[in-house]
S.K.: 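Pasting a structure here, questions to come.
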Amino acid sequence: MYPITLNIANRKCVIIGGGKIGYFKAGPLLEAGAKVTVVSPEICEGFQLLEKEGKVEVLLKEVEETDYKNAFLIIVATNSTIVNERVYENTSQSQLVNVISNHELGNFHIPATLNRGMLSISVSTNGASPTLAKKIRNDLGEVYDESYEEYLEFLLEARMIIKKSSFSNESKSKLLKDSIEDVYKYSLKERYRFLARLLPVER
């Protein structure tokens, strides 16, 4: 498998299956800005709430090929192996497809992901053990705690200033390396000092 991060903002993503598994997969799609459609004769309470809030479109029906023909990404999560396999067989090679019941079908897996603001760390075992992937993600969560959210905001601000500055390329490279030193992760005061170094000197 080829690991990537994917921009799905405003892309049509279809979840086939209205149960809790499909519902849990909907959250990250919505957070990424996808346009989510759910196709299922019945939907769980979570999907009912999302539909009421206008966050997802729901088609209360048995799935048909036309429901996902133009979808960019498809998650197949019904409790019927026959339906899941039929949907997969009717998708095109240009579509991203994940079949929950059979990791060998489809062309992408959904990794266990840790999010800390702009920081995302994903762990995949290529379907061998999703349980292990989740354990490793949780272990990483103890190392990369909530403090990384503000730290990444500082690094982004520093990077943008450095890129627009008149420093030489060599100096810019050194400043970027300096910015990730531990002292800036743990001290707000040191962050301010670093940012002050980037400002032009008034004469």
S.K.: Between atom NZ of Lys135 and atom OG1 of Thr131, what is the distance when rounded to the nearest 0.5 Å?
M.R.: 11.5 Å
S.K.: Considering only heavy atoms from C-beta outward, does the side chain of Phe154 approach that of Leu195 to under 4.5 Å?
M.R.: yes
S.K.: Return the CG to CD1 distance between Asn84 and Ile16, rounded to the nearest 0.5 Å.
M.R.: 8.5 Å
S.K.: Would you mind telling me which of Val76, Thr91, Ile15 makes a side chain to side chain contact (heavy atoms under 4.5 Å, CB included) with Tyr68?
M.R.: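 Among the candidates, only Thr91 passes.
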S.K.: Between OH of Tyr148 and CG of Leu155, what distance do you get to the nearest 0.5 Å?
M.R.: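 The OH atom of Tyr148 sits 10.0 Å away from the CG atom of Leu155.
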S.K.: If we only count heavy atoms from C-beta on, is the Glu45 to Leu49 side-chain gap below 4.5 Å?
M.R.: no
S.K.: Could you pull out all residues at least two apart from Glu64 that satisfy salt bridge (Lys or Arg N to Asp or Glu O under 4.0 Å)?
M.R.: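 For Glu64 the salt bridge (Lys or Arg N to Asp or Glu O under 4.0 Å) partners, ignoring immediate neighbours, are Lys61.
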S.K.: Lys172: which residues meet the side-chain hydrogen bond (donor to acceptor under 3.5 Å, both in side chains) condition with it, sequence neighbours left out?
M.R.: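 None.
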S.K.: Salt bridge between Arg193 and Glu190, side-chain N to carboxylate O under 4.0 Å?
M.R.: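 The answer is yes: the pair qualifies as a salt bridge.
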S.K.: To the nearest 0.5 Å, what is the distance between OG on Ser179 and CZ on Arg191?
M.R.: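 Result: 11.5 Å between the selected atoms.
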S.K.: Report yes if the side chains of Asp67 and Val14 come closer than 4.5 Å at any heavy-atom pair, otherwise no.
M.R.: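 With C-beta onward as the side chain, the pair stays apart.
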S.K.: Does the Arg116 side chain pair with the main chain of Tyr144, one donor and one acceptor, at a distance under 3.5 Å?
M.R.: yes
S.K.: Judged by modelled atom types alone, do Thr78 and Ser80 share a side-chain donor-acceptor pair under 3.5 Å?
M.R.: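 No - no donor-acceptor pair under 3.5 Å links their side chains.
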S.K.: Would you tabulate the side-chain donor-acceptor contacts of residues 27-43 under 3.5 Å, counting partners in other chains and residues two or more places apart, or write 'none'?
M.R.:
{"residue": "Thr37", "atom": "OG1", "partner": "Glu57", "partner atom": "OE1", "Å": "3.1"}
{"residue": "Ser40", "atom": "OG", "partner": "Gly18", "partner atom": "N", "Å": "3.2"}
{"residue": "Ser40", "atom": "OG", "partner": "Glu42", "partner atom": "N", "Å": "3.4"}
{"residue": "Ser40", "atom": "OG", "partner": "Glu42", "partner atom": "O", "Å": "2.6"}

